[in-house]
Amino acid sequence: MNFTKAAFSGVALASLMAGMGMAQTEIQWWHAMGGANGERIDKMAADFNASQSEYKVVPTYKGNYTETMTAAVAAFRAKEHPHLVQVFEVGTATMMAAKGAIYPIEQMMADAGEGFDKSDYLPAVISYYQTPEGELLSMPFNSSTPVLWYNADALKAAGVDAPKTWDDVKAASQALVDSGMDCGVSFGWQSWVMIENFSAWHDLEMGTKENGFAGFDTEFTFNNDKVAARLDDVAAMSDGNLFKYGGRRGDSLPMFTNGECGMWMNSSAYYGSIKSQAGFEFGQTMLPLDTSVADAPQNSIIGGATLWALAGHEADEYKGLAQFMTYLSSAEVQAWWHQETGYVPITTAAYELSKEQGFYQDNPGTDTAIQQLSLNTPTANSRGIRFGNFVQVRDVINEEMEALWAGDKTAQEALDAAAERGNALLRKFERAAN
């Protein structure tokens with residue numbers, strides 16, 4: 001299809017119908033993407049709107065992930081909710097427990113008569129959002145996984161290669177500091193990177209009941225000696241600034257892009273930001289392996305968000321929403337989104353199109369996230385996590401890990417406290433869900 005021609009024709013037809021007084025059906029989409037990614041969402045909605053004349057998708061930024069999910073829940077209770085809301089991966093259990101509030105995306109697509117084939121999607125992405133029976137609850141959209149970003153110029157000046165193991169990370173950090181860098185390595189989203197993904201990467205259980213996939217009556221087990229040993233070692237790297245903590249979420253990004261730290265572990269989706277901000281050659285490689293825990297890596301798990309349809313709207317509106325879901329999942333749109341942002345392409349077709357377009361050849365390392373997610377068939381320990389109240393649990397983990405970095409607790413003390421406090425939140429969620 002000639003998309004430019006189709007879009008032009010769509011604009012002309014939509015304008016003609018507007019002039020004749022024929023109103024379009026609006027589809028409200030609440031999302032958590034600010035800045036450049038928010039502009040990209042606006043473009044996707046505008047391009048869809050221009051491609052046909054019946055429906056108009058209206059995207060609205062509602063704050064960060066937590067704020068967006070909270071706003072949607074409140075709006076549903078007030079019966080003023082949108083058709084579609086973007087919810088981050090750790091909100092999955094909360095959305096599943098919101099009885100009557102969600103319209104499972106697979107069911108919605110079928111009811112709307114829109115063709116939908118789950119086999120089109122990358123298994124590591126889609127499995128996170130399926131019921132035990134295999135029904136897809138929400139539409140994958142922006143999926144990422146943590147990688148190890150590195151300042152290629154700084155590593156070269158220090159005479160070291162990109163790390164493959166945690167021993168390599170420590171040695172490279174020492175070489176970077178010795179060569180004049182302010183710090184060796186930092187990371188963000190520390191629960192996701194250093195507990196959730198460290199566990200999956202080394203095939204370690206994070207919680208009972210298959211990390212929550214097999215039932216809400218789960219308990220945390222991330223306070224094991226293997227995770228504790230790794231975190232104690234990282235804390236010890238604070239001496240001499242081999243490691244420097246830079247805050248939650250993506251707060252520490254400037255420490256990498258301004259040349260303060262030579263390595264940074266965080267989401268593959270920072271590709272767009274790093275490309276625009278870094279004044280040096282950079283690269284990304286797979287997460288480091290702790291050779292005292294495993295002989296080889298298993299697979300990493302995703303972060304990011306999916307799109308949830310909310311119940312209670314008209315059938316015709318869902319028909320338009322289903323068409324928009326097909327558009328968003330198309331190879332052309334997903335390849336563009338992937339290449340612009342660093343989020344993984346959610347479909348095999350988008351991945352293959354990116355290959356055909358020479359993106360990975362021209363930008364070496366940009367397929368690292370896909371390789372990590374697809375490294376091995378996921379196990380019960382590496383499929384992902386599905387814990388209730390996990391938004392709050394992550395806050396607890398952040399607090400306890402910050403006590404570790406401050407030298408107020410050992411890793412075992414911090415992890416034990418996080419598990420105990422987290423289990424209390426799991427029981428609270430379990431009671432509410434039942």
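Along the sequence shown, the residues carry numbers beginning at 1. FYI, side chains are in, hydrogens and waters are out, and symmetry mates aren't considered; it's all heavy atoms of this structure. Keep in mind that what you see is a predicted model, and the values were worked out from it rather than measured.
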side-chain contact (heavy atoms from CB on, under 4.5 Å) between N37 and R40: does it pass, once the steps are laid out? CA-CA 5 Å; N37 281 346; R40 292 175 181 122; 2.7 Å; yes
Assess the pair [X] and [Y]: is the distance between their ring centroids shorter than 6.0 Å?
| X | Y | result |
| --- | --- | --- |
| W30 | Y61 | no |
| W337 | Y343 | yes |
| Y121 | F116 | yes |
| H338 | Y360 | yes |
| Y55 | F324 | no |
| Y103 | Y318 | yes |
| F243 | F187 | yes |
| Y270 | W264 | yes |
| F220 | F387 | yes |

Side chains of [X] and [Y], donor plus acceptor under 3.5 Å:
| X | Y | result |
| --- | --- | --- |
| T326 | E114 | yes |
| S292 | D290 | yes |
| E196 | S191 | yes |
| W201 | S199 | no |
| T347 | D120 | no |
| Y129 | E89 | no |
| H83 | E317 | yes |
| Q86 | T68 | no |
| Q357 | Q339 | yes |
| N376 | N299 | no |
| N398 | Q190 | yes |

Distance from L289 atom CG to H202 atom NE2, nearest 0.5 Å? 4.5 Å
Nearest-0.5 Å distance, OG1 of residue T341 to CE of residue M33: 7.5 Å
With no hydrogens and no angle check, is any side-chain donor or acceptor of [X] less than 3.5 Å from a backbone partner on [Y]?
| X | Y | result |
| --- | --- | --- |
| H313 | P82 | yes |
| S252 | M255 | no |
| K170 | L242 | no |
| N211 | G384 | yes |
| Q334 | L328 | yes |
| Y128 | I385 | yes |

Run the side-chain contact (heavy atoms from CB on, under 4.5 Å) check on W29 and T60 step by step: do they pass? CA-CA 6 Å; W29 176 17; T60 303; over 6 Å; no
Using a strict threshold of under 4.0 Å (side-chain N to carboxylate O), is an ion pair present between [Y] and [X]?
| X | Y | result |
| --- | --- | --- |
| E260 | K244 | yes |
| D233 | R230 | yes |
| E400 | R421 | yes |
| K62 | E67 | no |

Shortest non-hydrogen contact from A200 toward I301: CB-CG2, 3.7 Å
Closest non-hydrogen atoms of N266 and G188, given as atom of the first, atom of the second and distance, are ND2-CA, 3.3 Å
Considering residues, nucleotides and ligands other than D182, do more than 12 of their heavy atoms fall under 6.0 Å from its CG? yes
May I ask you to check whether over 12 heavy atoms, not counting those of K164, lie within 6.0 Å of atom NZ? no
Identified side-chain contact (heavy atoms from CB on, under 4.5 Å) counterpart of P288 within the set V185, L148, D167: L148
